[in-house]
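Right, one structure below, let's go through it.
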Amino acid sequence: MNFEFTDKSKALQVKLKDFMDRHLFPLEKEYGEFVHDNPWVHFPALEQLKSLAKAEGLWNLFLPNSYGDLSPGLTNLEYAPLAELMGRLLWSSEVFNCSAPDTGNMEVLAKYGSSEQKSKWLNPLMNGEIRSAFLMTEPDVASSDATNIQTSIRLEDNEYVINGHKWWSSGAMNPATKVYILMGKTNPDAQRHIQQSMIIIPADAEGVEVIRPLRVFGSLDSPEGHAEIKLTNVRVPKSNLIQGEGDGFAIAQGRLGPGRIHHCMRLIGAAQRALYLMSARVKEREAFGRQLASFSSIRQDVATAHCNIHQARLLTLAAADKIDRYGIKEAKELVSMIKIVVPKMACDVIDKAIQAHGGMGVCQDTPLAGFWLYARSIRIADGPDEVHMYQLGKNIIKFS
Ligand SMILES: Cc1cc2nc3c(=O)[nH]c(=O)nc-3n(C[C@H](O)[C@H](O)[C@H](O)COP(=O)(O)OP(=O)(O)OC[C@H]3O[C@@H](n4cnc5c(N)ncnc54)[C@H](O)[C@@H]3O)c2cc1C
């Protein structure tokens with residue numbers, strides 16, 4: 001493995017860092033206050049920032065080069081350090097059209113969508129004109145086991161009719177979200193892993209009812225939000241099915257590999273920034289007649305955090321490299337490993353940084369509280385830690 005980044009990736013890292021320093025970090029406080037005070041309203045400067053990023057070629061960088069003309073041409077390994085840079089500011093990936101869940105949804109449409117689905121939904125998503133949500137999880141069943149999903153997708157008179165109850169649909173509260181990709185069952189009697197399919201549902205389809213936003217530890221996570229949604233006799237054309245009936249599980253596997261690299265690298269960026277903030281803070285505060293930085297416990301926390309961030313980064317780069325060279329299937333074990341290791345590492349590092357800031361660490365004056373919410377939620381979103389450990393442990397025992 002050679003983790004020396006290519007010249008192309010290095011040049012983009014410099015450009016992205018410069019863009020964030022000039023245009024985004026100066027707005028960090030204003031953005032936080034605005035979205036808190038104006039739920040479900042976009043930050044006024046967002047569209048202008050997106051246009052600027054697009055004009056500078058900092059756009060859709062996430063889509064790997066295996067997508068040919070649709071991709072700006074980076075490998076997962078080349079993109080990984082860019083995701084890390086974006087992770088230092090939670091809302092920045094949207095400015096570059098690189099934010100979840102749109103990235104995963106765009107990959108699904110780019111890889112499995114028909115030409116009609118691509119022109120209607122992928123193109124506006126790639127242009128940043130609309131946003132999307134992914135509807136899998138359901139309140140009535142343990143959704144960490146996706147075979148439990150109950151929502152029905154039934155063929156009737158050349159249309160699919162959808163009935164179900166979803167929640168934790170990230171992005172669905174966003175006024176810019178115009179389309180959902182939903183996972184449901186087309187054939188509940190088939191073999192377990194081919195009962196499910198994915199289908200496209202316009203957000204304004206008749207029978208779609210957004211019941212309420214769910215709060216994450218009290219935060220609305222505006223403007224994206226996480227919605228509870230009921231679907232009652234929602235009818236869509238047959239051509240809205242993605243690929244074929246029974247392909248839902250296979251598509252989900254393809255969707256989650258690179259997305260997990262993105263989440264992990266963003267978390268590494270958040271943890272790295274938390275460590276910088278902690279290091280700066282302990283130099284400027286004194287307690288009991290000494291600089292906080294001189295206490296041994298603080299130095300141990302800083303040193304341990306530095307080692308853990310670096311280990312997690314190397315593991316994630318190894319996963320990105322393996323996907324690039326051998327495909328998602330071969331990289332499955334490494335992808336499980338980063339999903340287990342990185343969010344937990346980020347939670348620990350951010351927690352130490354919060355502690356070192358005292359009261360300031362839990363309020364809106366630093367990004368630390370937002371970082372912690374993100375890292376803690378990812379230990380559940382995209383599959384809880386235990387599910388990845390259960391699968392990884394099973395495979396290690398089997399092949400040992
Ligand atoms: C912030 C956030 C954003 C999300 N965004 C989306 C989204 O956009 N779209 C979407 O569809 N879903 C989304 N989710 C939902 C998420 O994917 C599910 O919450 C997750 O898959 C777990 O499903 P569940 O909540 O039904 O928990 P359950 O399946 O009920 O599991 C509960 C707990 O049981 C334990 N458990 C489960 N399996 C095992 C096992 N094999 N071994 C040991 N213990 C186990 C774990 O501790 C687990 O946390 C999001 C969740 C959060 C918190």
Side-chain angles (χ1 to χ4, degrees), residues 90-91 93-94 99-108 125 131-151 153 162 164-174 176-177 179-185 192 196-201 203 208 210-231 242 248-249 251-253 255-256 259-260 262-263 266-267 270 336 339-340 343-344 346-347 369-397:
L90 283 177
W91 51 274
S93 11
E94 186 178 358
S99 51
D102 302 275
T103 46
N105 290 339
M106 285 189 266
E107 280 202 58
V108 165
L125 279 168
R131 297 206 64 198
S132 61
F134 181 65
L135 278 56
M136 190 184 82
T137 304
E138 300 180 359
D140 300 334
V141 291
S143 304
S144 50
D145 174 358
T147 61
N148 282 340
I149 296 306
Q150 295 299 307
T151 295
I153 306 176
I162 297 112
H165 187 181
K166 298 286 185 183
W167 74 346
W168 288 109
S169 308
S170 298
M173 296 304 302
N174 189 333
T177 292
V179 63
Y180 307 147
I181 293 181
L182 173 139
M183 177 114 148
K185 281 191 180 166
R192 260 164 59 116
Q196 298 80 4
S197 305
M198 282 198 198
I199 195 156
I200 298 172
I201 301 183
V208 171
V210 175
I211 309 251
R212 59 172 177 155
L214 300 166
R215 298 194 190 99
V216 184
F217 296 105
S219 165
L220 283 173
D221 240 348
S222 175
E224 286 80 21
H226 312 275
E228 178 175 349
I229 300 178
K230 272 206 165 145
L231 302 109
I242 302 177
F249 244 91
I251 297 173
Q253 292 306 315
R255 181 185 186 275
L256 293 176
R260 289 192 174 132
H262 308 165
H263 271 311
R266 279 196 291 265
L267 283 170
S336 290
K339 183 69 179 62
I340 294 163
K344 178 104 183 28
C347 277
F371 285 168
W372 192 85
L373 290 191
Y374 175 46
R376 187 63 189 86
S377 309
I378 294 291
R379 292 191 55 204
I380 295 169
D382 269 1
D385 293 358
E386 293 87 349
V387 174
H388 296 277
M389 290 194 257
Y390 173 75
Q391 198 57 45
L392 182 64
K394 182 178 156 191
N395 289 343
I396 291 170
I397 293 165

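Atoms within each ligand, like the ligands themselves, are counted from 1 in listed order. Bear in mind that the values here come from a model prediction, so they are computed numbers and not experimental data.
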May I ask you to check whether [X] has an N/O atom sitting below 3.5 Å from an N/O atom of ligand 1?
X	value
W167	no
E386	yes
M136	yes
V216	no
S143	yes
E138	no
S144	yes

When you measure from [atom] to every protein heavy atom, which one gives the shortest distance, and what is it?
atom	value
atom 6 (C) of ligand 1	W168 O, 2.7 Å
atom 16 (C) of ligand 1	T137 OG1, 3.7 Å
atom 51 (C) of ligand 1	A381 CB, 3.8 Å

Start with the C-alpha gap between I340 and D385, add the side-chain angles, then the distance that decides, and say whether side chain to side chain contact (heavy atoms under 4.5 Å, CB included) holds. CA-CA 5 Å; I340 294 163; D385 293 358; 5.6 Å; no
Residue pair [X] / [Y]: nearest heavy atoms and the distance that separates them:
X	Y	value
H165	T151	N-OG1, 3.8 Å
S144	V387	CB-CG2, 3.8 Å
L373	S377	O-OG, 2.6 Å
D382	H263	OD2-CD2, 3.6 Å
A227	V210	CB-CG1, 4.1 Å
R131	A100	NH2-O, 3.6 Å

Can you check whether a protein heavy atom sits less than 4.0 angstrom from [atom]?
atom	result
atom 23 (O) of ligand 1	yes
atom 1 (C) of ligand 1	yes
atom 35 (C) of ligand 1	no
atom 32 (C) of ligand 1	no

Is it the side chain (CB and beyond), the backbone, both or neither of [X] that lies under 4.0 Å from ligand 1, heavy atoms counted?
X	answer
V141	backbone
Y390	side chain
D221	neither

S143 side chain to E138 main-chain N or O, any donor-acceptor pair under 3.5 Å? yes
Please evaluate residues F134 and K166 with respect to the criterion side chain to side chain contact (heavy atoms under 4.5 Å, CB included), reporting the C-alpha separation (whole Å), side-chain torsions for both, the decisive distance (0.1 Å), and the verdict. CA-CA 10 Å; F134 181 65; K166 298 286 185 183; over 6 Å; no
For ligand 1, which atoms sit closer than 4.0 Å to a heavy atom of D382? 17 (O)
Pull out every atom of ligand 1 sitting under 4.0 Å from any heavy atom of S170, numbered as shown with elements. 3 (C), 4 (C), 5 (N), 6 (C), 7 (C), 8 (O)
